[in-house]
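Take a look at the structure below.
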Amino acid sequence: MRSVAFNSLRGLSRAGSRFQPATLPRVAAARAYSTAAEKQYEFIQVSEPRPGVGQVTLNRPKALNALSTPLITELNSALLSFQQSPTIRAIVLTGSERAFAAGADIKEMAPLTFSKAYLESFIESWSNLTFTVKKPIIGAVSGHALGGGCELALMTDIIYCTKTANFGQPEIKLGTIPGAGGSQRLTRAVGKSKAMELILTGKSFSGEEAERWGVAARAFDSYEELMEQALKTAETIAGYSKVAVQAAKEVVNKSQEVGLRDGVEYERRMFHALFGSQDQKIGMKAFAEKGKAKWVDE
């Protein structure tokens, strides 16, 4: 099945130690996450590879994980289940070693008319995860992340990738433009001039460039290292207070929506608000006593 990939497919250390996340029991292997795994998914796989960590793996290997409405519907369902779960505290979203997602499903898009796409709000549901999921999502990207695949990666909170990952917004080559936030999120990540070059030419960029430009937080030599480090970071986050983690994600995201002054004031209000949480008292007491915080998520 064709996808948007088309042509592109060719002293502080001691203090810091007191803030280590609470110890969670290790598991020998990934286990199915009870609620989400009870559902029968055709285009994704769902698991709980580490304590407190949910993983969604895109699974359309013959189509290089091309994004279709049925796949996005399943993805949104699984992410909502993780959001509602009392045990899942961080999420990893990934694809295969060959492709995170090679683009949108061209066969689905090609016959659309303006009125049908407009009236049915085509592709709008792709952005649900940015509004409904309050828990941190790490995008683990290997292989192709083109078109809608690049946009999906940009929707996650942290991007880890392989150095050879292939990002891009090549929609211009099909006579169209990004439709799921690519022009907005990529511009915020790399700046107007670089984003304009990438979108107007359809050029792709590597995982190494993604890390250098700030699109990705880290780039790794191998797929195995990518997945290990993505799960390790997710497990670290899962060991902290859910209240503080959600607040931290909220204030960072606010920086992308408002000016500096308004953002700082919003951050300060959230900072003050956390003094009303039990976890703030628990965390500071544990630090003062050189102990380990046992979060109650309240």
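Excluded from the calculations below are hydrogen atoms, water molecules and symmetry mates; all remaining heavy atoms, backbone and side chain alike, are included.
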Gap separating the OH atom of Tyr223 from the OG atom of Ser96, nearest 0.5 angstrom: 6.5 Å
Ser183 to Pro178 - nearest heavy-atom pair and separation: N-CB, 3.9 Å
Within one Ile-Leu-Val-Met-Phe-Trp-Tyr cluster: Val243 and Ile88, side-chain cutoff 4.5 Å: no
State whether the side chain of Gln83 and the backbone N or O of Lys135 hold a donor-acceptor pair below 3.5 Å, judged by distance alone. yes
Hey, are the side chains of Leu79 and Ile91 touching, using non-hydrogen atoms and a 4.5 Å cut-off? yes
Have a look at Ser142 and tell me which of Glu97, Arg98, Met227 forms a side-chain contact (heavy atoms from CB on, under 4.5 Å) with it. Glu97
Using only atom types and a distance under 3.5 Å, with no angle test, would you say the side chain of Trp213 pairs donor to acceptor with the backbone of Ala189? no
Minimum-distance pair of heavy atoms, taken over all atoms of Gly95 and Thr57: O-CG2, 3.4 Å
Side-chain touch Ile199/Ile177, heavy atoms, less than 4.5 angstrom: no
Minimum heavy-atom distance between Gly149 and Leu67, given as atom pair plus value: N-CD1, 3.8 Å
Ignoring hydrogens and angles, tell me if any N or O in the side chain of Glu211 forms a donor-acceptor pair with the backbone of Glu208 under 3.5 Å. no
What do the steps show when you test Leu154 against Val215 for side-chain contact (heavy atoms from CB on, under 4.5 Å), and what is the final call? CA-CA 8 Å; Leu154 289 169; Val215 175; 3.9 Å; yes
Contacts satisfying side chain to side chain donor-acceptor pair (under 3.5 Å) that involve residues 146-163 (not counting sequence neighbours) are Asp157-Lys249, Tyr160-Thr233, Lys163-Asp221
Considering all heavy atoms, the nearest Gly52-Glu48 contact: N-OE2, 3.7 Å
Phe43 backbone acceptor or donor facing Glu74 side chain under 3.5 Å: yes
Answer with yes or no whether the hydrophobic clustering places Leu119 together with Phe114; edges join I, L, V, M, F, W, Y residues whose side-chain heavy atoms lie under 4.5 Å apart. yes
Rounded to the nearest 0.5 Å, how far does NZ of Lys173 lie from CG of Leu146? 9.0 Å
Could you go step by step and tell me if Lys232 and Glu228 meet the salt bridge (Lys or Arg N to Asp or Glu O under 4.0 Å) rule? CA-CA 6 Å; Lys232 182 178 179 181; Glu228 173 61 28; over 6 Å; no
Would you give the length of the straight line joining atom CD1 of Ile137 to atom CZ of Phe82, rounded to the nearest 0.5 angstrom? 10.5 Å
Donor-acceptor pair, side chain of Thr73 and main chain of Thr69, under 3.5 angstrom: yes
Distance col, row Leu58:CG vs Leu152:CG, nearest 0.5 angstrom, shows 6.5 Å
Would you check if the side chain of Arg60 reaches a backbone N or O of Ala66 as a donor-acceptor pair within less than 3.5 Å? yes
Determine whether a donor-acceptor pair (N or O, by modelled atom type, separation under 3.5 Å) exists between the side chain of Arg50 and the backbone of Ala234. no
Close side-chain approach of Ile172 and Thr201, heavy atoms under 4.5 Å: no
To the nearest 0.5 Å, how far apart are CD in Glu265 and CG in Leu260? 10.0 Å
Beyond-backbone contact of Leu226 with Val141, side-chain heavy atoms, under 4.5 angstrom: no
Where do Ala238 and Pro51 come nearest, in terms of heavy atoms and distance? CB-O, 4.1 Å
Would you say the side-chain atoms of Thr94 pair up with the backbone N or O of Ala140, donor to acceptor, closer than 3.5 Å? yes
A side-chain contact here means heavy atoms from C-beta on lying under 4.5 Å apart; do Arg212 and Glu209 qualify? yes
Any side-chain to backbone donor/acceptor pair from Asn59 onto Gln45? Under 3.5 Å, distance only. no
Do you know the tightest heavy-atom contact between Asn65 and Ala101? O-CB, 3.4 Å
Nearest 0.5 Å please: distance from the CD atom of Gln55 over to the CD1 atom of Ile138. 10.5 Å
Which word best sums up how the rings of Phe275 and Phe271 line up, parallel for under 30°, tilted for 30 to 60°, or perpendicular for over 60°? perpendicular
Lys254/Glu257 salt bridge by N-O under 4.0 Å criterion: yes
So, do Phe205 and Leu198 sit near enough that their side-chain heavy atoms are less than 4.5 Å apart? yes
Would you check if Phe167 and Cys161 make a side-chain contact, meaning some heavy-atom pair closer than 4.5 Å? yes
Decide if atom NZ of Lys285 counts as having more than 12 heavy atoms of other residues, nucleotides or ligands within a radius under 6.0 Å. no
Share the residues that join Leu80 in a hydrophobic cluster, the rule being Ile, Leu, Val, Met, Phe, Trp or Tyr side chains under 4.5 Å apart at the heavy-atom level. none
Give a yes or no answer on whether the side chain of Arg89 reaches the backbone of Tyr240 with a donor-acceptor pair at less than 3.5 Å. yes
Would you mind reporting whether Pro136 and Ile158 have side-chain heavy atoms less than 4.5 Å apart? no
